[in-house]
Trainee: 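Mind looking over this structure? Questions follow.
Here, residue 1 is the first one in the sequence, and each next residue gets the next number.
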Amino acid sequence: MLRPLRLATQTMLLQVAVIAVVTGSGFLLVTALLRTELERQFQDRALGIATAVAARPGLGDAVRGGRPDPSDDIQRDAESVRVATGALFVVIFDRDGIRHSHPNPALIGGRVSTDPSGPLRGERVSSIDRGTLGESARGKVPIYDSAGAIVGGVSIGIDARDIGRRLGDLLPVAGLFAGLALAGGAVGAALLAARLKRRTLGLEPAELADLLRDQVAVLEGIGEGVLAVDTAGRVSVCNAEAARILDGTPGRIADLPPEARAFLTDDATVVGALRVVGDKVVRVTRRPVRRGDHDLGTVLTMRDRTDLDGLSRELEATRALTDALRAQAHEYTNRLHTLAGMLHLGHADDARSYLTELAGESIGGGQLSDAYLDGLLTAKAAVASEAGITLRLGEATWVPGRLTAPLDAVTVVGNLVDNAIQAAAAGTRRPAWVEVSLLAAGTDLHVYVADSGPGLPIENAADIFRLGFTTNGDNSRPHGFGLSLARQTARHHGGHVTLRDAGGATAGAIFVAVLPGVLRPEPGFAWQSAE
C-alpha cells in the first residue's frame, strides 16, 4: 500500500503543476500572438512593395494600352522587383483581371486566381490567401494611368513559409524563457515546501490537528487559568478558566484588570504567590519564556483559591471562637472555684447574688441584639484579658438587629479585633486597650476598631491589605492574612475595610469597615442613619 504524500511534497507538486500549466498556456499564447503579428507584418510588407510597383512611371499607361506578353517590359520589371524583394510573386493585371506578369510565364494572359475586385474599386487589400503558387501573405493595390483612371492592379505575394521560418527563429527564445520560468518556479516551490516543513516542524495536517486538539484538551482540562502574552503585548493564549478568572477574554495587556496587568509588567519571576483579582483570590505563577537570548513573552498560570479562601475564613472564625472559648473556660473555672468557696463557707445569699451577676454578664451590655456579635466580643474580651489588654465597646455602639451573614461579619470583626489585640500587646502604652464600636445604619453594619498599639509606619500604609504582608516578625505561624481576608469579605458584600488613622501620640491605628446588607431589623424598630 502506497503511503500518502506529505503535505510539503503535495504543495510542491501542486505549485509545479500550476506553474507548468501557466507557463505552457503563456507559451502557446505568445506563439499565437507572434504568428498573428508576423502575418500582419508580412501583409504590410506586401502592400508596401505593391504600392511601390504601382507608382512606377508609365506603368498604368502600359497596362491600359498593352497586351499581355511574357517578353515585354512589364514582365521584366515585375521579375526584377520579385527577385530584389524576395517576394513569391509580383502579378500585374488589367481591369479584366488578366495577368500581364507572373513568375510562371505560361500563366501570363490568364485570369488571376483570387478576387481582383478590391483594387479595381480603388481599395488597398491585404490577406493570407492560397493561389497557384501556394499560401502567401498578399497585398493588392490599384494602378492608375496618367489620366488618373484605374486601369488594373498589382498583387504582391510573400511565401507563407517565410512566416513559419521567422516564427521558428523567435520561438526558441520564448521557449527558453518559459523553461527558465518553469525551472525557477520549481525551485521556488521546493524552497517554499522546505520552509513549510520547517514551520510545521515536519508535522502533517492531521498531526497538527491532533496536536491542536490535545493542546486544547490539556489547556481546558488542567483546572488552571493559562494566559500567554507575547513581547508586543498581545494575548496569544487564554483558556476558558483564565477567561473566567479575568471576567473576559482579553486581546492585549491593556484589556486586563489592573491586578493581573501588574503581574505581567513585573520583570521578576513569581511562583505560587497569592493575589486578589477582582473578587477572587488567585494563586499566580509567572514565568518569562526565552529561547536563547530572545525574549518570547510571558506565561501566567492562575488557580482560583476563592473557595479555599472561604474555608480559611471559616477556619479563622472557628479558631477565633475556639481560642475565645478556651479563655472563657479558664475564666469560668476561676468563677466556679469562687462560687464553690462561697457555698462551702455557707454564704448562700452571696453565692445567689454572684450567680445572678454572672448570668447577666456580657460585653454587649444590651447594646448588641445579635448573639453572634455579642458572643464574639465577649470571647475576644477574655482572650484580650489573658494578654493584659482591656477590650471595651465604644459608647456609640448600637446594633438592635440580627445578622443575616453571621460568618462574614464575624470574619471581618474578628480579624480586625485580633490585629488590634496583637498591636496593643506589642505597644508600650499601659494600660493597653482595644476599643470596638459597632453601629447599625439601616441594614448596614459599620465597624470601628482602635487600639493603644504603636500604630503603623507610614511607608507600610499602602501595603497592609496585601495578602501575606505583615509587620509581625514572628515566623512560627503564617501572618499577613487577616486584613486581606477582612477586606475581601467586605468587598464580597459591596463594602470595604480602610485604615482611618495610622496612629499618633495618644493611640494606635484605627480601622473602619462597612458591611452593607448584613443586618435584619427587629420588628417595629425605626432605623436611624449612621450619619
Trainee: Quick check: do Leu439 and Val399 have side-chain heavy atoms less than 4.5 Å from each other?
Mentor: no
Trainee: Rounded to the nearest 0.5 Å, how far apart are OG1 of Thr298 and CZ of Arg287?
Mentor: 12.0 Å
Trainee: Would you kindly say whether His493 and Asp408 are connected by a side-chain donor-acceptor distance under 3.5 Å?
Mentor: yes
Trainee: Look only at the side chain of Ser369 and the backbone of Pro400, and say whether a donor-acceptor pair between them is shorter than 3.5 Å.
Mentor: yes
Trainee: Can you tell if the side chain of Thr404 reaches within under 4.5 Å of the side chain of Leu519, non-hydrogen atoms only?
Mentor: no
Trainee: Say whether, by atom type as modelled, one donor and one acceptor occur between the side chain of Arg429 and the main chain of Gly453 under 3.5 angstrom.
Mentor: yes
Trainee: Strictly distance-based, threshold 3.5 Å: is any side-chain N or O of Thr443 a donor or acceptor partner for the main-chain N or O of Val518?
Mentor: no
Trainee: Would you please name every residue forming a side-chain contact (heavy atoms from CB on, under 4.5 Å) with Leu28, sequence neighbours left out?
Mentor: none
Trainee: Test of understanding: with side-chain contact (heavy atoms from CB on, under 4.5 Å), list the residues that count as partners of Ala243, not counting sequence neighbours.
Mentor: Cys238, Thr249
Trainee: Decide side-chain contact (heavy atoms from CB on, under 4.5 Å) for Leu182 and Leu180; before the verdict, give the C-alpha distance in whole Å, the side-chain angles of both, and the deciding distance to 0.1 Å.
Mentor: CA-CA 5 Å; Leu182 180 60; Leu180 291 175; over 6 Å; no
Trainee: Any side-chain heavy-atom pair from Leu34 and Thr36 closer than 4.5 angstrom?
Mentor: no
Trainee: Check the pair Val413, Leu377 against side-chain contact (heavy atoms from CB on, under 4.5 Å), reporting the backbone distance first and the verdict last.
Mentor: CA-CA 9 Å; Val413 176; Leu377 292 180; 4.2 Å; yes
Trainee: Do Leu483 and Asn419 have side-chain heavy atoms sitting under 4.5 Å apart?
Mentor: yes
Trainee: Can you list the residues that meet the side-chain contact (heavy atoms from CB on, under 4.5 Å) rule with Ala232, with sequence neighbours excluded?
Mentor: Asp230, Arg234
Trainee: Short question: side chain of Asp501, backbone of Ala509 - any donor-acceptor pair under 3.5 Å?
Mentor: no
Trainee: Is the shortest heavy-atom distance from the side chain of Ile389 to the side chain of Val434 under 4.5 Å?
Mentor: yes
Trainee: What are the two closest heavy atoms between Ala420 and Asp451, and how far apart are they?
Mentor: O-CB, 3.6 Å
Trainee: When you measure from the side chain of Ser437 to the backbone of Ala396, do you find a donor-acceptor pair of N or O atoms at a distance under 3.5 Å?
Mentor: no
Trainee: Tell me the closest heavy-atom pair linking Thr397 and Gln367, and the distance in Å.
Mentor: O-NE2, 3.2 Å
Trainee: Heavy atoms only: give me the nearest Ile19-Ala181 pair and the separation to one decimal.
Mentor: CG2-O, 4.2 Å
Trainee: Kindly compute the distance separating CG (Leu368) from CZ (Arg402), expressed to the nearest 0.5 Å.
Mentor: 10.5 Å
Trainee: Do the side chains of Val497 and Val512 get nearer than 4.5 Å, heavy atoms only?
Mentor: no
Trainee: Please lay out, stage by stage, how Leu445 and Val514 fare under the test side-chain contact (heavy atoms from CB on, under 4.5 Å).
Mentor: CA-CA 6 Å; Leu445 176 64; Val514 177; over 6 Å; no
Trainee: Please answer whether the main-chain N or O of Gly517 pairs with a side-chain N or O of Asp444 as donor and acceptor at a distance below 3.5 Å.
Mentor: yes
Trainee: Any sub-3.5 Å donor-acceptor pair from Glu435's side-chain atoms to Arg392's backbone N or O?
Mentor: no
Trainee: Could you grab the distance from atom CG of Asp418 to atom NZ of Lys380, nearest 0.5 Å is fine?
Mentor: 3.5 Å
Trainee: Search all heavy atoms of Ala178 against all heavy atoms of Phe27 and return the closest pair with its distance.
Mentor: CB-CD1, 4.4 Å
Trainee: Minimum heavy-atom separation for Ala432 to Ser452, with atom names?
Mentor: CA-OG, 3.4 Å
Trainee: Is any side-chain heavy atom of Val235 less than 4.5 Å from a side-chain heavy atom of Leu227?
Mentor: yes
Trainee: Using a 6.0 Å cut-off, check whether atom CZ of Arg40 has over 12 heavy atoms from anything other than its own residue.
Mentor: yes
Trainee: Going from CG on Leu407 to OH on Tyr372, what distance comes out if it is rounded to the nearest 0.5 angstrom?
Mentor: 9.0 Å
Trainee: Taking all atoms of both residues into account, what is the closest heavy-atom pair of Ala513 and Leu416, and its distance?
Mentor: CB-CD1, 3.9 Å
Trainee: Please check if the side chain of Asp374 supplies one atom and the backbone of Asp370 the other of a donor-acceptor pair under 3.5 Å.
Mentor: no
Trainee: Report yes if the side chains of Leu300 and Val284 come closer than 4.5 Å at any heavy-atom pair, otherwise no.
Mentor: yes
Trainee: Is there a side-chain contact (heavy atoms from CB on, under 4.5 Å) between Arg303 and Thr285 once you walk through the steps?
Mentor: CA-CA 9 Å; Arg303 181 177 288 274; Thr285 297; over 6 Å; no
Trainee: Can you measure from CE (Met302) to CD (Glu224) and round to the nearest 0.5 angstrom?
Mentor: 9.5 Å
